[in-house]
Number of protein chains: 2
Amino acid sequence: MARTKEFDPDAAVDKAMEMFWANGYAATTPQQLVEALGIGRGSLYNAFTSKRALYERALRRYYERETTRLLQVLDGPGPARERLRAALELLVAAAVDDRERRGCMVTNAAVELADRDEVIAHLVRRTFERQEAAFRSTIEEGQRDGDISADRDAAALAAFFLTTINGIQVLAKADPDPRRLSRLAETALSVL
Amino acid sequence: MARTKEFDPDAAVDKAMEMFWANGYAATTPQQLVEALGIGRGSLYNAFTSKRALYERALRRYYERETTRLLQVLDGPGPARERLRAALELLVAAAVDDRERRGCMVTNAAVELADRDEVIAHLVRRTFERQEAAFRSTIEEGQRDGDISADRDAAALAAFFLTTINGIQVLAKADPDPRRLSRLAETALSVL
DNA sequence: CGTTTTTTGTAACTAGAGTTCAAGAAAGGT
DNA sequence: ACCTTTCTTGAACTCTAGTTACAAAAAACG
C-alpha cells in the first residue's frame, strides 16, 4: 500500500500545542512549527492541512490533556471546601511555576480568537462549561454535606469560580507574584 | 518655518486604538491602520515610527481614556458597597453592549503581549495597580463607615475584585450572556 | 515672496507568511 | 519484480507585512 509516516502525528500535535500555547495563534509561524515538530514543511501541510487546522487540533489536545488536572482535584476525595481550595491552589502553583508565563491556553484562545472565530469560541465554551460543571457538583456536594451553606445558588457560585480562575490567569500574565495570587485565591474562597 | 500636519495625531491614535482594541496587536496590519486612520503610509510611519510604537501609544491612550469610568464610579458618591456594585455592573453592561466583543484592551494586552514584552507588561501592571487602588480605597472607606466588615483585609479584597473584573472580560469573550454575567458580579459582591 | 522644513503620497524593497508542488522513497499487494 | 499509494523533502510561489526612500507640495516665517 502506502508509505508510512515517519513522525508520530500525536507527538507532533503535542509540540504544536506547546508552540501555540506559548506564543498564541497569530504570532506562531509555520517556520517555527516546522522546526519544533522536526518535520518538513510538506509533511506539516500534508498531515495537518493548515495552520488554522493545526491550531484547532492543538487546542483540542489541550482541552483533553491539560484541563483534566483541575477536574480531577474537584472530583477527587475529601471535603468539598478543601477540594475547591486545592483546585485554586493548583492553578496558582501552575501560574507561579510557569516561567514563560504561557498561562492557560484556553484563556489565551478566548481572548485572542473567541470573538472572531466561532469554532474556537465553541471550544472555549465547552471547556468553560466542563469546568463550571465540576465546580458546581463539588459545591452541591458540599451543600449536601453541610460543608457549604445550602442557601447559596450553586450555579452562581460555580460561574463565579470559573471567573476567578480566568482572572487569575490574566493577572499572572502581568505579574505572577505567588503571595498575591495565593491571597487572592483565599479571598475568593471566602465567598463560600 | 515648517509645514503643519494635515491630520490630527490625537484623533489618529484614537482610531488606531479602536483597531488594536478590536483585533489585537499581531492581527492588525499597517494596511488596516492606514485605511482606518485615513492617512498615507508615509504619514503613518513619519508620525508614529512603527506599528509597535503606535500600539504602545494606543494602549496608553486607552489607559487614559477608557479606564477612567470605572475609577469615577469607585471614587464617586454613595455607600461603598453600592459603588462596588455599580462598578461591576458597569463592566457587565459594557461587555453586553460590546457587539464586537473587543473586551478590555488592557486585559487583551495582558494576555497577548505581557509575557513577552516588558514595556507592555509594565503598562498593564500600572493599569491594574490603579484599579486595585481604587477598589481598595473604596473598600477601606466602606470599612470606616461600617458598611463593610472591618476585619477583612482591604488589600486582599481589592486584588480579588481586580481578578473578578478580568475574569468577566475573559468569560464575556466566549459567551457574553447578560444574566450570567450579572449573577456573577452579584456573587462576587457577596464576598463582602 | 522665497526659503526652509516638514508633510504627503506613491512606489519600492526585503523578509517572511502560508501554502503548494514535483520528484523521489518506503510499504505493501498482486 | 512491479504497481499503487501515500509519504518525505525541499524548492518554489504568491501574497502581504512592515518599513523605507523619494520626489512633489505645502505651510510658516522672515
Side-chain angles (χ1 to χ4, degrees), chain A residues 1-61 105 108-109 112-113 116-117 119-120, chain B residues 1-61 105 108-109 112-113 116-117 119-120:
Chain A
M1 275 185 36
R3 181 175 175 175
T4 54
K5 271 201 176 57
E6 285 185 7
F7 68 94
D8 178 359
D10 273 350
V13 171
D14 279 343
K15 286 175 186 158
M17 182 189 83
E18 298 286 344
M19 272 292 158
F20 286 125
W21 185 0
N23 304 324
Y25 175 72
T28 302
T29 70
Q31 186 55 37
Q32 292 175 292
L33 288 169
V34 156
E35 284 164 14
L37 310 206
I39 65 179
R41 266 169 134 71
S43 300
L44 213 222
Y45 280 85
N46 175 54
F48 301 112
T49 310
S50 71
K51 178 185 165 185
R52 169 63 223 287
L54 178 55
Y55 178 83
E56 204 178 311
R57 284 194 65 174
L59 186 57
R60 294 203 138 86
R61 174 67 51 85
M105 188 177 171
N108 299 351
E112 186 185 359
L113 303 168
R116 337 177 67 194
D117 187 322
V119 176
I120 300 297
Chain B
M1 285 229 322
R3 178 179 177 178
T4 54
K5 271 198 178 55
E6 282 186 8
F7 67 95
D8 178 359
D10 273 350
V13 172
D14 279 343
K15 287 176 185 156
M17 182 188 83
E18 298 285 344
M19 271 292 160
F20 285 126
W21 185 0
N23 304 324
Y25 175 72
T28 302
T29 69
Q31 187 55 37
Q32 292 175 292
L33 288 169
V34 156
E35 284 163 16
L37 309 207
I39 64 179
R41 267 168 131 73
S43 302
L44 213 222
Y45 280 87
N46 174 54
F48 302 112
T49 310
S50 72
K51 177 185 164 185
R52 171 59 224 289
L54 178 54
Y55 178 83
E56 204 179 311
R57 283 195 64 174
L59 186 56
R60 294 203 138 87
R61 174 66 52 84
M105 189 176 171
N108 298 351
E112 187 186 358
L113 302 169
R116 336 176 68 197
D117 187 321
V119 176
I120 301 297

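Numbers restart at 1 for each chain; the letters A, B, ... are given by sequence-line order, proteins then strands.
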Return the polar atom pairs (N/O with N/O) between nucleotides 15-19 of chain C and the protein under 3.5 Å, or none.
from, atom 1, to, atom 2, distance (Å)
dA17(C), OP1, Thr29(A), OG1, 3.3
dG18(C), OP1, Lys51(A), NZ, 3.0
dG18(C), OP2, Lys51(A), NZ, 3.3
dG18(C), N7, Arg41(A), NH2, 3.3
dT19(C), OP2, Tyr45(A), OH, 3.0
dT19(C), OP2, Lys51(A), N, 3.2
dT19(C), O4, Arg41(A), NE, 2.6

Query - Nucleic acid contacts of residues 16-23 of chain A, taken as heavy-atom distances under 4.0 Å to DNA chain C - result: none
Atom pairs, protein N/O to nucleotides 3-7 of chain D N/O, distance under 3.5 Å:
from, atom 1, to, atom 2, distance (Å)
dT4(D), O2, Met1(A), O, 3.2
dT5(D), O2, Met1(A), O, 2.6
dT6(D), O2, Arg3(A), N, 3.4
dC7(D), OP1, Lys5(A), NZ, 3.2
dC7(D), O2, Arg3(A), NH1, 3.0

**Report entry** Value in whole Å for how far the P atom of dT7(C) lies from CG of Leu37(B)
**Finding:** 15 Å
Report task. Take the protein atom CD of Glu35(B) and the nucleotide atom P of dG9(C), then report the distance between them rounded to whole Å. Result -> 14 Å
Go through the structure and list residues passing side-chain contact (heavy atoms from CB on, under 4.5 Å) with [X], not counting sequence neighbours.
| X | answer |
| --- | --- |
| Leu113(B) | Tyr25(B), Tyr55(B), Ile120(B) |
| Ala16(B) | Phe20(B), Leu33(B), Leu37(B), Leu54(B) |
| Ala26(A) | Glu112(A), Ala26(B) |

Requested in this report: Could you name each residue pair satisfying salt bridge (charged side-chain N to carboxylate O under 4.0 Å, His left out) that touches residues 43-54 of chain B, not counting sequence neighbours?
Outcome: Arg52(B)-Glu56(B), Arg52(B)-Asp117(B)
Query raised in the report: Could you give all pairs that pass the salt bridge (charged side-chain N to carboxylate O under 4.0 Å, His left out) test and reach residues 10-36 of chain A, with sequence neighbours left out?
Result: Asp10(A)-Arg61(A), Asp14(A)-Arg61(A), Asp14(A)-Arg65(A), Glu18(A)-Arg102(A)
Query raised in the report: Can you tell me how far the CE atom of Met105(B) sits from the CG atom of Leu59(B), to the nearest 0.5 Å?
Result: 4.5 Å
Query raised in the report: Can you list every pair that meets side-chain hydrogen bond (donor to acceptor under 3.5 Å, both in side chains) and has a residue in residues 36-45 of chain B, with sequence neighbours left out?
Result: Gln31(B)-Arg41(B)
Report task. Take Val13(A) and Arg60(A), measure what side-chain contact (heavy atoms from CB on, under 4.5 Å) needs, and give me the verdict at the end. Result -> CA-CA 10 Å; Val13(A) 171; Arg60(A) 294 203 138 86; over 6 Å; no
Requested in this report: Look at all strands and tell whether Gly40(A) reaches a base, only sugar-phosphate, or nothing, counting heavy atoms closer than 4.0 Å.
Outcome: sugar-phosphate
Query raised in the report: What residues form a salt bridge (charged side-chain N to carboxylate O under 4.0 Å, His left out) with Asp8(A), not counting sequence neighbours?
Result: none
Report task. Only counting residues at least two apart or in another chain, list the ones meeting side chain to side chain donor-acceptor pair (under 3.5 Å) with Thr49(B). Result -> none
